[in-house]
Every structure is written in C-alpha cells, then in structure tokens.
Amino acid sequence: MIKAGYEIENPQSGVRAIVLKTQDETQGNGFQVEYFYRPHSGQDLPAHYHRWWDEQFEIISGTCT
C-alpha cells in the first residue's frame with residue numbers, strides 16, 4: 001500500500017512524483033500527487049482518460065502550455 005510521502009523518480013526523464021494524500025486521507029475522494037518536471041525538458045503527462053474522477057492541475061511556478 002502506497003502511503004503519503006512515497007516518492008519515485010524516473011531517472012531518464014527526471015520526472016519526480018510525491019504522494020501527498022492517499023484515499024484513506026481524503027475519505028475515499030481520490031488522492032493527491034505532486035509532480036516535478038525539469039524546465040524545458042520536453043516532458044509532459046501523456047494524454048489519458050479517467051472514468052471515475054476529475055483531474056486538476058495547479059501550476060506552482062513557471063508556465064505550462
């Protein structure tokens with residue numbers, strides 16, 4: 001079971017993810033993951049579809065297109 005604080009990094013792309021909240025901590029209302037992308041790396045989140053939840057993004061610093 002993944003817990004808050006779990007961190008993983010892709011060494012090839014440099015993308016890092018940290019689990020902030022699990023479903024247990026959100027009373028079953030999804031989870032929160034913080035992603036870190038290297039600036040100007042050309043990396044992005046591939047197009048995908050969620051049948052059961054909405055996905056929201058908040059840009060903390062920098063810009064996104």
In Å and rounded to the nearest 0.5 Å, what is the [atom1] to [atom2] distance from [X] to [Y]?
{"X": "Y37", "Y": "N10", "atom1": "OH", "atom2": "CG", "answer": "10.0 Å"}
{"X": "R16", "Y": "E9", "atom1": "CZ", "atom2": "CD", "answer": "6.5 Å"}
{"X": "F31", "Y": "Q23", "atom1": "CZ", "atom2": "CD", "answer": "7.0 Å"}
{"X": "E25", "Y": "K3", "atom1": "CD", "atom2": "NZ", "answer": "9.0 Å"}

- Closest non-hydrogen atom pair, V19 against I2: CG2-CG2, 3.7 Å
- Message: So which atom in S13 and which in R38 form the shortest heavy-atom distance, rounded to 0.1 Å?
- Response: O-NH1, 4.1 Å
- Do F36 and I18 come within less than 4.5 Å of each other through their side chains, counting heavy atoms only? yes
